[in-house]
Amino acid sequence: MSDVITALQRACRAGNVSEMALHFAGLLDRLDPKANPSVVLAGALASERALSGDVCVHLASVAGAPAFEGEDDVALAGPELEPWRQALRDCALVSDGDWTAPLVLTDDGRLYLYRYHELERRLADLITRRAGHISDTVDQSQLNGALDALFSDDPASADQRAAAAQAVDQQLLVISGGPGTGKTATVVRILALVHRLALARPERILLCAPTGKAAARLREVFAGAASILPDELQRVPQAVTVHRLLGSRPGQRLRYDATRPLPCDLLILDEASMVDLSLMTSLFDAVPDDARLILLGDRDQLSSVEAGAVLGDICRAADHGALPDCLVTLKHNWRFPSESALGGLASAVKDAQVAQTTTLLENPDHTELELIAVPDTAGLDTLLMERVTPMFAELQRMVLDGTDTETLFAKRDEMMVLCAHRRGPRGVSDINGRIQTSLRGPAKGLSDGQILPGMPLMVMRNDPVLGLYNGDVGIVVPDRETPGRLQAVFQDTQGEIRAISLGRLPEHAPAFAFTVHKAQGSQAPAVTLILPENVSPILSRELVYTGITRAEQSLEIWGSREVLAAAIARSARRPTGLADRLQRSMVLCP
């Protein structure tokens, strides 16, 4: 057994290296027992980084330094760059991407697992082929007349009008903008536009989003826009998750792919920043060559949980001249006026302006913003009891009093409590446990294990049979047909209520608080963002930006100035090669 494998085993026991990375390193060691130890180390590193969402590893960033967080074992330190690259080039376990091998090393020093290299290469090719003018011929005066009918002459809507015009002209269009900039409102008008111009049949317009919650919000937007859409567009299929759209089935191939394209003339993907490299490749693969594809999202938000940062990569490539006319950025904020403190805070965080962020949060005139220090656990419990628990206690009282379900959901939606971490002090599990404990008394024994009446529950796994999807939130209420038992109620976008027994629910968790990642695509009047006690690798300006832009009216950030400043100073931008590939492709195939 090599020294590297032994060191990885010790690091795995210490919690600094995942079992997956250890097993992959072991596989490389068995495939080529004579491989240079630095190759095995590189394989473990690529596997570990993939679990964190990184498509590849820039070897130069690790050379001569510890390869894994928290590890100072000499055997797990990256070699000097040039000897390391040479060892990888000389090993049969590593290819340049032209033939199959477990690892791929590119000329610019990026190390990939073979699967991610192939996905990135394929997606770059699919994007490049789609990035061009569409073949439909539209009379310019007819187009201008339709745009005049759908958009006012208000200069603030100029970007939205430009996006609609480009949606007619382009096969691929990315519409990026922060919350309140009118992305979905623009798409509603794009639907009306393509209908007026007879560019897409209603039944061949498909809407999708990465999560059940995001798809539900998209359905809600279009239901609310019924008054401005012609009756024929009521035949547009309802928004679904990307997985459901593609026909994902456990253990089977996707129903739709390049050999069996989706039946569509226009496909719209909302919350595109949440879609990972693998899923985005599958989606591009399944869109017919002659169909239009529109991606909506906020390039400054957190990237997908899984590997990749596709929306950001496409936008960066467009910034540098690739993909001409494929990107429109909506800048006018319809939700926040220019003098809004919340809007100013979002901009300051996005631009990494630490001093400006602190000034805005600590300005006593900005009553809708507050930065609250949390010195210790006792202080955390006090804040929860004073500022968070009362809302959930009221929700619990309403449940026990038999309040109607619509009112319960309206109450629940008044506040959103977000955490940076899932586990550990001030993480989701910790905060949920503290709130849960404080509410147990008033429940008067009416509980089912750890489940309490009035408790919000978040579904953690898709269950198409029940119509529940990862991220859906329900509320626990007494089962009126079985006294003494509890059930969960869920509300769909049409306002219909469904009650499901706790035993039938897919995997779920308390949702007094949830992670910023889980909050993407949602908003609430009041948001509380709880930061960890110390700086951690998870913290970034993208996480803070995503958290604060969930707030519609007021925001509290619980944490120290130092931790907040460190988060804003650090970008979560992931190492990928997609943007560079797109730029090279457009040079070769303008």
J.: If we only count heavy atoms from C-beta on, is the Trp84 to Leu105 side-chain gap below 4.5 Å?
T.: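 Heavy-atom side-chain distance check fails, nothing below 4.5 Å.
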J.: May I ask you to check whether over 12 heavy atoms, not counting those of Arg244, lie within 6.0 Å of atom CZ?
T.: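 Check fails, neighbour count at 12 or below.
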J.: Would the distance check show the side chain of Thr389 and the main-chain N or O of Leu384 forming a donor-acceptor pair, the cut-off being under 3.5 Å?
T.: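 A pair under 3.5 Å: yes.
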J.: Looking only at atom types and distance, does a side-chain atom of Ser47 sit under 3.5 Å from a main-chain N or O of Ala44, one as donor and one as acceptor?
T.: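 No; zero donor-acceptor contacts below 3.5 Å.
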J.: Quick one: CD1 on Ile557 to CD1 on Ile530, what's the gap to the nearest 0.5 Å?
T.: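 CD1 of Ile530 is found 11.5 Å from CD1 of Ile557.
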J.: So, applying side chain to side chain contact (heavy atoms under 4.5 Å, CB included) with Asp270, which one of Thr211, Leu295, Leu218 is it?
T.: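 Exactly one pass, corresponding to Leu218.
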J.: Are the side chain of Arg541 and the backbone of Ala569 linked by a donor-acceptor contact shorter than 3.5 Å?
T.: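 Answer holds: yes.
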J.: Does the side chain of Ser278 come within less than 4.5 Å of Glu306's, by heavy atoms?
T.: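 Glu306 vs Ser278: side chains apart.
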J.: Please report the shortest heavy-atom distance between Arg574 and Ser52, naming the atom on each side.
T.: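 The answer is NH2-O, 3.7 Å.
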J.: Take Glu48 and Ser18, measure what side chain to side chain donor-acceptor pair (under 3.5 Å) needs, and give me the verdict at the end.
T.: CA-CA 7 Å; Glu48 186 75 16; Ser18 67; 2.7 Å; yes
J.: As a quick check of understanding, evaluate side-chain contact (heavy atoms from CB on, under 4.5 Å) for Arg426 and Val374, giving each step before the final call.
T.: CA-CA 10 Å; Arg426 304 187 192 179; Val374 188; 3.7 Å; yes
J.: Applying side chain to side chain contact (heavy atoms under 4.5 Å, CB included) between Leu283 and each of Leu245, Leu254, Val310, Leu123, report the one that passes.
T.: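 The passing option is Leu245.
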J.: Among residues at least two apart in sequence or on other chains, which ones pass side-chain contact (heavy atoms from CB on, under 4.5 Å) with Asp285?
T.: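 Applying side-chain contact (heavy atoms from CB on, under 4.5 Å) to Asp285 gives Arg122, Leu126, Ala258.
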J.: Could you go through Asp125 and Arg129, starting from their C-alpha distance and side-chain angles, then the distance that decides it, and tell me whether this counts as salt bridge (Lys or Arg N to Asp or Glu O under 4.0 Å)?
T.: CA-CA 6 Å; Asp125 181 55; Arg129 282 164 39 195; 3.3 Å; yes
J.: Can you check side-chain contact (heavy atoms from CB on, under 4.5 Å) on Leu267 and Phe284, steps first, answer last?
T.: CA-CA 10 Å; Leu267 188 145; Phe284 268 79; over 6 Å; no
J.: When you look at CZ of Arg504, are more than 12 heavy atoms from neighbouring residues, nucleotides or ligands closer to it than 6.0 Å?
T.: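 Not buried by this count: 12 neighbours or fewer within 6.0 Å.
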J.: Do the side chain of Arg412 and the main chain of Leu395 share a donor and acceptor less than 3.5 angstrom apart?
T.: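 Checking the backbone N and O of Leu395 against the side chain of Arg412, no donor-acceptor pair under 3.5 Å is found.
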J.: Taking Thr546 for the side chain and Leu302 for the main chain, is one N or O donor matched with an acceptor at less than 3.5 Å?
T.: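 Answer holds: yes.
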J.: Does the salt bridge (Lys or Arg N to Asp or Glu O under 4.0 Å) test come out yes or no for Arg110 and Asp580, once each step is laid out?
T.: CA-CA 12 Å; Arg110 290 186 174 101; Asp580 288 344; 2.8 Å; yes
J.: Tell me whether Asp376 at atom CG has more than 12 heavy atoms from other residues, nucleotides or ligands lying less than 6.0 Å away.
T.: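 Buried by this count: over 12 neighbours within 6.0 Å.
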J.: Would a 4.5 Å heavy-atom cut-off, applied to side chains only, mark Arg387 and Thr528 as touching?
T.: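 A side-chain contact is absent here, since even the closest heavy-atom pair is not under 4.5 Å.
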J.: Answer yes or no: is there a donor N or O on one side and an acceptor on the other, between the side chain of Asp32 and the main chain of Lys34, under 3.5 Å?
T.: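 Yes, Asp32 side chain to Lys34 backbone: donor-acceptor pair under 3.5 Å.
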J.: Measuring only between side-chain heavy atoms, which start at C-beta, is Leu457 closer than 4.5 Å to Val473?
T.: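 Contact flag for Leu457/Val473 side chains = no.
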J.: Flag yes if more than 12 heavy atoms outside Gln252 fall under 6.0 Å of its CD atom; otherwise flag no.
T.: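 More than 12 within 6.0 Å, yes.
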J.: Before giving the answer on salt bridge (Lys or Arg N to Asp or Glu O under 4.0 Å), spell out for Asp319 and Arg299 the whole-Å C-alpha distance, their side-chain angles and the decisive distance to 0.1 Å.
T.: CA-CA 12 Å; Asp319 289 343; Arg299 64 185 294 179; 2.5 Å; yes
J.: Would you name the heavy atoms of Arg219 and Ala239 that are closest together and state the gap between them?
T.: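 Result for this residue pair: NH1-O, 2.6 Å.
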J.: Run the ring-ring contact (aromatic ring centres under 6.0 Å, His included) test against Tyr112 and tell me which residues pass, sequence neighbours left out.
T.: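 So Tyr112 forms a ring-ring contact (aromatic ring centres under 6.0 Å, His included) with His117.
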J.: Between Leu539 and Val544, is the side-chain contact (heavy atoms from CB on, under 4.5 Å) condition met? List the steps.
T.: CA-CA 8 Å; Leu539 288 177; Val544 176; 5.5 Å; no
J.: Please say whether more than 12 non-hydrogen atoms of neighbouring residues, nucleotides or ligands are located less than 6.0 Å from CD in Gln86.
T.: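 Yes, enclosed.
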J.: To the closest 0.5 Å, what do you measure between CE (Met385) and OG1 (Thr382)?
T.: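 Going from the CE atom of Met385 to the OG1 atom of Thr382 covers 9.0 Å.
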J.: To the nearest 0.5 Å, how far apart are OG in Ser571 and CD in Glu542?
T.: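 If we round to the nearest 0.5 Å, Ser571:OG and Glu542:CD are 4.0 Å apart.
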J.: What is the distance from atom CE of Met458 to atom CG of Asn432, rounded to the nearest 0.5 Å?
T.: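 The CG atom of Asn432 is 9.5 Å from CE of Met458, to the nearest 0.5 Å.
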J.: List the residues meeting side-chain contact (heavy atoms from CB on, under 4.5 Å) with Met415, not counting sequence neighbours, and say none if there are none.
T.: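 Here the qualifying residues are Val388, Met391, Val417.
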J.: Which pair of non-hydrogen atoms, one from Arg423 and one from Ser429, has the smallest distance, and what is that distance?
T.: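 Reported closest heavy-atom pair: CG-OG, 4.4 Å.
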J.: Below 4.5 Å, heavy atoms only, C-beta onward: do Leu466 and Val459 meet side chain to side chain?
T.: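 Counting from C-beta outward, Leu466 and Val459 never come under 4.5 Å.
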J.: If you take all heavy atoms of Thr128 and Ala124, which pair is closest and at what distance?
T.: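 Heavy atoms only, the tightest pair is OG1-O, 2.7 Å.
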J.: Verify side chain to side chain donor-acceptor pair (under 3.5 Å) between Ser38 and Asn36, making sure each step is shown before the conclusion.
T.: CA-CA 5 Å; Ser38 67; Asn36 190 300; 2.8 Å; yes
J.: Got a second to check how far Ser304's OG is from Leu311's CG, nearest 0.5 Å?
T.: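 Separation between the atoms: 10.5 Å.
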J.: Verify side-chain contact (heavy atoms from CB on, under 4.5 Å) between Leu383 and Glu556, making sure each step is shown before the conclusion.
T.: CA-CA 11 Å; Leu383 277 171; Glu556 292 181 2; 5.9 Å; no
J.: Looking only at non-hydrogen atoms, find the nearest pair between Ala60 and Leu81 and report the distance.
T.: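 The pair with the smallest heavy-atom distance is N-CD1, 3.8 Å.
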J.: Measuring from atom CZ of Phe392 to atom CG of Leu439, what distance do you get when rounded to the nearest 0.5 angstrom?
T.: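 Nearest 0.5 Å value for the CZ-CG distance: 8.5 Å.
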J.: Is there a side-chain contact between Pro179 and Arg550, using heavy atoms and a 4.5 Å cut-off?
T.: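 A side-chain contact exists here, since the closest heavy-atom pair is under 4.5 Å.
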J.: Are Leu93 and Val40 side-chain neighbours, meaning at least one heavy-atom pair lies under 4.5 Å?
T.: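 Result no, sub-4.5 Å side-chain heavy-atom pair not found.
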J.: Provide the closest heavy-atom pair for Phe24 versus Leu103 in the form atom of the first, atom of the second, distance.
T.: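 Answer, listing the atom of Phe24 first, then Leu103: CE2-CD2, 3.9 Å.
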J.: Are the side chain of Glu120 and the backbone of Gly577 linked by a donor-acceptor contact shorter than 3.5 Å?
T.: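 Yes, the answer is positive, given that a donor and an acceptor are paired below the 3.5 Å cut-off.
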J.: Just by distance, with hydrogens left out, do Thr106 and Asp108 show a side-chain donor and acceptor under 3.5 Å apart?
T.: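 Checked: Thr106/Asp108 side chains pair up, N/O donor to acceptor below 3.5 Å.
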J.: Do other residues, nucleotides or ligands put more than 12 heavy atoms under 6.0 Å from His517 NE2?
T.: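 Above 12, so yes.
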J.: Any side-chain heavy atom of Asn534 within less than 4.5 Å of one from Val563?
T.: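 In short, these two side chains do not touch, never coming nearer than 4.5 Å.
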